[in-house]
Amino acid sequence: MSELPKTYEPQAIEEKWYAQWLADGCFDAHPERVSPSRPAYSIVIPPPNVTGVLTLGHVLNNTIQDILARRARMLGKEVLWLPGTDHAGIATQTVVERTLKKSGAIRHRDDLGREKFLEKVWEWKEKHGGIIIQQLKKLGASCDWKRERFTMDPEYSACVQQVFADLFRKGAIYRGKRMVNWCPVSRTALSDEEVVMKSQSGALTHFRVEIAERPGTFLTIATTRPETIPGDTAIAVNPNDPRYQEYIGLHAVRPLPRELPQAERLVPIIADTHVEFGFGTGVLKVTPAHDKADFEIGQRHGLAAVDIMHPDGTMNALAGADLAGLDRFEARKVAVALLTELGLLDKEEPHQNNVGYSERADVPVEPRLSSQWFLRYPATEASREVVRSGKMRFFPERWSKVYEHWMENLQDWCISRQLWWGHRIPVWYFRGTDAEAAHKAVGHAVPPEAVRQLEDGSIAYCGLEAPADLAQWEQDGDVLDTWFSSWLWPFATMGWPENTQTLKAFYPTTDLVTGPDIIFFWVARMIMAGFEYMGERPFDNVYFTGIIRDKQGRKMSKSLGNSPDPLDLIAKFGADALRFGVMRSAPLGQDVLFDEKNVELGRNFCTKLWNAARFRQMQAGSPEAEIRSELLTTDDKWILLRLDTAILEVSTALDEYRFSDAAQTLYRFFWSEYCDWYVEAAKASLNSGNEGIRENTLAVMDFVLAHALRLFHPFLPFITEELWHGLGFHQDLPEEQGGRSLMQAPWPKPLGADFHAHYGLLPEDEARAQARFDVVQAGRGLRRDFNLPSNKRVPFVLQATAPLSEHDLEVIRILLNAESLQNADDAWSPSRGTPSSLTPLGNLYLPLDGLVDVAAERERLGKEITKIEQELVKVRAKLSSETFVSGAPANVVAEHRQRESDWNARLGEIRRIAEALAG
RNA sequence: GGGCAGUUAGCUCAGCGGUAGAGCGGCUCGUUUACACCGAGUUGGUCGGGGGUUCGAUUCCCUCACUGCCCA
């Protein structure tokens, strides 16, 4: 084994090991190896957008998955972590279209036409599509890359089409003219989930309409959308509103378009209980074509829906000469001006309201009446039950309530998109009106339910195979919502609809790790698809991460420029450092405030680990020699007990998905316990000149390090692998159990009763070691109080109350950096004013001949006396309370009595010293 | 309007019925043969306000306030 360099240089080492793992097939899943003794463990990656780049959100998400996968391997499971990417319909199409526009190649995608445009998107995908995958590899993700999938792979597309056709034939998919969320920029319909509500300050326009039957009488209407007045087909009031009852059934004169004769501008005044008394004036303009609630009112009252806009959000001819051609927001201003001109404007007042925005294009969506494909969700009951019963568990649990609430209020899913990039809808419309003729015209045998008459009277065929004679048919031009393909991810990636060995072995998957922001988009829909097509839940557990924010708590966003590039962080600090830093600050169920300091801490920790290993290496000696129980020192026993505790704590934390707790424990154990105390104490053994003790200490160190590296490996895969080999721990191990790679070594088990018995580890060993550490801390405190620099070697005297071995004294001496440590008997008495401190092992003195600052020591003792007296006041107050003594459990009272007597003894001792000082 | 989180040291958070903790930061000392990406010491808190339950509340209950998120 070559000597480890002084500092850990992650870059070269990370690349080396990642390549090695790939070459050794360490990440490959073998379904045929699954057996009762080798259970399956599987995760499907939440597929990132194919054109995406790695963000800190991905880092959090994928590090967690990697930790789970790596630990599962070490626990002896057959692991499949299945990777892939999502074609991300709107997102990708928008990016490519924008780029083409920027380069001046096109003004709109229509300039290229569907086929040419799609060619460009595929080109783009080939060029940029692999980036995020490469970045995940840099992070150390142990995915089975041979199984990488893309939601537009031919086999995957076939799954999507098949599911569509199946749901069509079951009647769960229908086409209808409905109010949908329309994005005027992308010019497509969106699902409700793709609309985000934003609070906005706008204006509430109050304007008057004249009652046709009572000239000179006006009603005042308050609206946020005056530009839609030309589309109004009624005025509505609440039937129970006494202010307006007399007008119900009369007509109002709609002011716009003003060029129309009054007769063509009359709209009925109707009564509808959905009109709010309190909003505005209580009089509502009803625009069925441009508002969801108005559409419903229109349905109830048989009103016409007059669409006054083009798909791009500009006003059309029906809006009237004044508004036609204007953008909807420009038209809003013009409409107000027209109302003013007509003398109908009452007032405009500032108004806060919520407006739905297109998630992708970030513009207000336009409620629009259009013909789209909708899905009535399948398998809803099983999907609800599986979570309700706890058979599928959510972490944190509270998300199950959010899920339940959404499932309870399911709205049909608008699945068609007026885009080109995506899965083309497998529906053809018959150029004719005779259903029977249509069935024959398909040209090949299809079941009767594959051909259906739609709401609008047209006849549609749905199937995987196109009709034979395309002249009689026209294919639907739309594509499917991206999520209509992602919801099949857990099984479509494993070879469905064939019942493959992979599916048999790995479905349902074990864990899903994702953000709560896509619980509806993705998680809930996958559950329904899983039940519908696999007859079984897609996963056992769903872990919801927090959202990554900056240190001020703001969401990461490009426009704020507050999202650091993970690749920069990896280059600067190393992948392990990034992983550890993020995991240490990502508690279950809470958002993560990202601060580069955390990554720095991760880097520092890696360096610490590295140097601790170097220290061990510099001591030479063969790795992992046998530990001899008869040679164990107090410190050896202590660190073995602490290791045992760490193994238990880390394992439990990981079992419960408490990753930050696991990281904290590892940090504390390795840095505070192993490095700060054990290694320093062990220097006494290493320098003792006793070869046996020295060898045994090294054996203990190796034992601890070999365990620690395994515990750390899921968090810090690269550095632990390097050290595993660098320290020679792989030697003498079977190939598949750590001989080749640490990632195949078994996960540490708690040491167990036999181990404790064999090495004579007793609970009191911990207390004994701790007592010596208390002596050391007391001594360091004395040094500090008397301004003795930590490098000044001074003598200490310990008046021990119990026998102490030479070795233990030497350990204390070294940790105190003392010139000498005298173990004095009762007869010894310090000279007047000698600083002292009471420790669990007796009085510790710091004799400072000629240097004693009596005043300083008196002051110090005075402070301590005050502190003890305060504690005594507190504990005595409790003990003197009759209600406490009689009401509290006996053990608690006893504990308080003990506390009182301890403090009392201590006070007496310190007073005695103080008096001696006063002399 | 409904729901869910959160409010503990300067910052980030743990504790969740019986002596207020960690990391970071600050301050002081230190180049003691693994590590200055370090070591030692030290400074920081009437645990958001108000009620209640209890012998005892940061911890349980109610209520209010504020912050953030989700759904209308």
Side-chain angles (χ1 to χ4, degrees), chain A residues 4 6-8 192-193 196-197 293 354 356 396-402 404-406 408-409 516-517 519-520 546-547 549 551-555 573-574 577 581 584-587 589-595 597-619 658 660-661 663-665 667-668 671-672 675-676 679-680 683 686-687 776-785 787-793 814-819 870-872 874-875 877-879 881-889 891-893 895-896 898-900 902-903:
Chain A
L4 296 167
K6 187 166 171 179
T7 336
Y8 174 55
D192 295 342
E193 288 69 33
V196 287
M197 300 308 285
N354 284 323
E397 205 280 327
R398 64 189 152 86
W399 290 110
S400 59
K401 272 182 250 166
V402 178
E404 175 64 20
H405 184 255
W406 189 76
E408 216 179 305
N409 297 287
D517 47 338
I519 184 168
F520 309 135
I547 309 268
R549 300 170 178 282
K551 53 182 162 181
Q552 282 127 48
R554 299 175 304 180
K555 258 190 173 174
F573 298 108
R584 201 176 151 282
S585 54
Q590 274 188 266
D591 288 353
V592 184
L593 300 194
F594 181 82
D595 186 340
K597 279 245 182 296
N598 292 324
V599 187
E600 212 173 303
L601 179 133
R603 189 264 323 259
N604 294 354
F605 187 74
C606 289
T607 307
K608 191 72 181 177
L609 193 57
W610 186 259
N611 279 302
R614 278 183 70 223
F615 178 76
R616 164 63 190 90
Q617 196 183 46
M618 291 164 90
Q619 306 304 318
R658 290 182 288 111
S660 64
D661 289 345
Q664 293 277 23
T665 296
Y667 187 91
R668 185 210 67 219
W671 200 314
S672 308
C675 291
D676 287 350
V679 173
E680 294 307 316
K683 285 176 183 171
L686 297 173
N687 300 330
V776 171
Q777 273 176 325
R780 286 168 177 169
L782 285 175
R783 227 185 224 288
R784 163 77 194 139
D785 290 334
N787 284 323
L788 295 172
S790 43
N791 63 337
K792 186 166 170 73
R793 314 198 98 212
I814 287 179
L815 293 176
L816 278 174
N817 191 31
E819 181 183 48
Q870 281 169 354
E871 294 296 337
L872 273 170
K874 275 200 271 182
V875 74
K878 275 199 160 181
L879 285 169
S881 152
E882 180 51 36
T883 50
F884 173 74
V885 179
S886 58
N891 64 321
V892 173
V893 177
E895 189 205 308
H896 281 251
Q898 181 63 46
R899 203 185 296 163
E900 190 209 5
D902 286 351
W903 283 122

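Bear in mind that the values here come from a model prediction, so they are computed numbers and not experimental data. Each chain gets a letter, A, B and so on, in the order the sequences are listed, and its residues count up from 1.
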Student: Under a 3.5 Å limit for both distances, which nucleotide forms a Watson-Crick or G-U wobble pair with B:rU28, could you say?
Tutor: B:rA40

Student: Counting just side-chain N and O atoms, does A:Lys401 come under 4.0 Å of either OP1 or OP2 of B:rC70?
Tutor: no

Student: For B:rA65, which nucleotide in any strand shown is its Watson-Crick or wobble partner with both distances under 3.5 Å?
Tutor: B:rU7

Student: How do A:Val892 and A:Asn354 order along RNA chain B: which one's closest nucleotide is nearer the 5' end?
Tutor: A:Val892

Student: A:Pro516 near the nucleic acid: base, sugar-phosphate alone, or nothing, with a heavy-atom cut-off under 4.0 Å?
Tutor: nothing

Student: For A:Leu601, report the nucleic acid contact type (base, sugar-phosphate, nothing); a contact means any heavy atom under 4.0 Å.
Tutor: sugar-phosphate

Student: Are OP1 or OP2 of B:rC38 and a side-chain N or O of A:Asn611 less than 4.0 angstrom apart?
Tutor: no

Student: A:Gln777 near the nucleic acid: base, sugar-phosphate alone, or nothing, with a heavy-atom cut-off under 4.0 Å?
Tutor: sugar-phosphate

Student: Establish, for the pair A:Lys683 and A:Phe615, whether the NZ or CZ atom is under 6.0 angstrom from the six-membered ring centre and no further than 45 degrees off its axis.
Tutor: yes

Student: Across the strands shown, which category fits A:Arg584 at heavy-atom distances under 4.0 angstrom: base, sugar-phosphate, nothing?
Tutor: sugar-phosphate

Student: For the P atoms, the ones on B:rC16 and on B:rC11, what distance do you get once it is rounded to whole angstrom?
Tutor: 23 Å

Student: Between B:rU63 and B:rG23, how far is it from one P atom to the other, in whole Å?
Tutor: 38 Å

Student: Do A:Glu680 and A:Ile814 make a side-chain contact, defined as non-hydrogen atoms from C-beta onward lying under 4.5 Å apart?
Tutor: no

Student: Answer yes or no: does a side-chain N or O of A:Trp610 lie under 4.0 Å from OP1 or OP2 of B:rC37?
Tutor: no

Student: Does the base of B:rC37 carry an N or O that pairs as donor and acceptor with the side chain of A:Arg603 under 3.5 Å?
Tutor: yes

Student: Paired with B:rC35 by Watson-Crick or G-U wobble geometry, both distances under 3.5 Å: which nucleotide is it?
Tutor: none

Student: Please determine, for B:rU59, whether a Watson-Crick or G-U wobble partner exists with both distances under 3.5 Å, and give it or none.
Tutor: none

Student: Going by the angle between their ring planes, with limits at 30° and 60°, are A:Tyr8 and A:Trp610 parallel, tilted or perpendicular?
Tutor: tilted

Student: Which nucleotide in the set B:rG23, B:rC38, B:rC4 lies at the smallest distance from any side-chain heavy atom of A:Tyr667?
Tutor: B:rG23

Student: Applying a 4.0 Å non-hydrogen cut-off, can you work out what A:Cys675 is touching in the nucleic acid: base, sugar-phosphate, or nothing?
Tutor: base

Student: Look at all strands and tell whether A:Lys597 reaches a base, only sugar-phosphate, or nothing, counting heavy atoms closer than 4.0 Å.
Tutor: sugar-phosphate

Student: Would you tell me whether A:Asn604 and A:Glu600 have side-chain atoms, one donor and one acceptor, within less than 3.5 Å of each other?
Tutor: no

Student: When all nucleic acid strands are considered with a 4.0 Å heavy-atom cut-off, which category describes A:Val679: base, sugar-phosphate, or nothing?
Tutor: base

Student: Check whether any side-chain heavy atom of A:Arg616 lies under 4.5 Å from a side-chain heavy atom of A:Val679, and answer yes or no.
Tutor: no

Student: Please determine whether any donor N or O and acceptor N or O are separated by less than 3.5 Å between the side chain of A:Thr883 and the base of B:rC55.
Tutor: no

Student: When we call it a touch if two heavy atoms are under 4.0 Å apart, what does A:Asp661 touch: a base, just sugar-phosphate, or nothing?
Tutor: nothing

Student: Between B:rC27 and B:rG44, how far apart are the two C1' atoms, rounded to whole Å?
Tutor: 11 Å

Student: Looking at A:Glu680 and B:rA40, is any side-chain donor or acceptor paired with a base atom of the opposite kind under 3.5 Å?
Tutor: no

Student: Answer yes or no: is there an ion pair linking A:Lys401 with A:Glu404, defined by an N-O contact shorter than 4.0 Å?
Tutor: no

Student: Could you tell me which nucleotide pairs with B:rG1 by Watson-Crick or G-U wobble geometry, both distances under 3.5 Å, or answer none if nothing does?
Tutor: B:rC71

Student: Go through B:rC38, B:rU19, B:rA34 for me and flag the one nearest to the A:Trp903 side chain.
Tutor: B:rU19

Student: Rounded to the Å, how far apart are A:Phe615 CZ and B:rU32 P?
Tutor: 15 Å

Student: Considering heavy-atom distances to RNA chain B, does A:Gln664 or A:Gly781 have its closest nucleotide positioned more toward the 5' end?
Tutor: A:Gln664

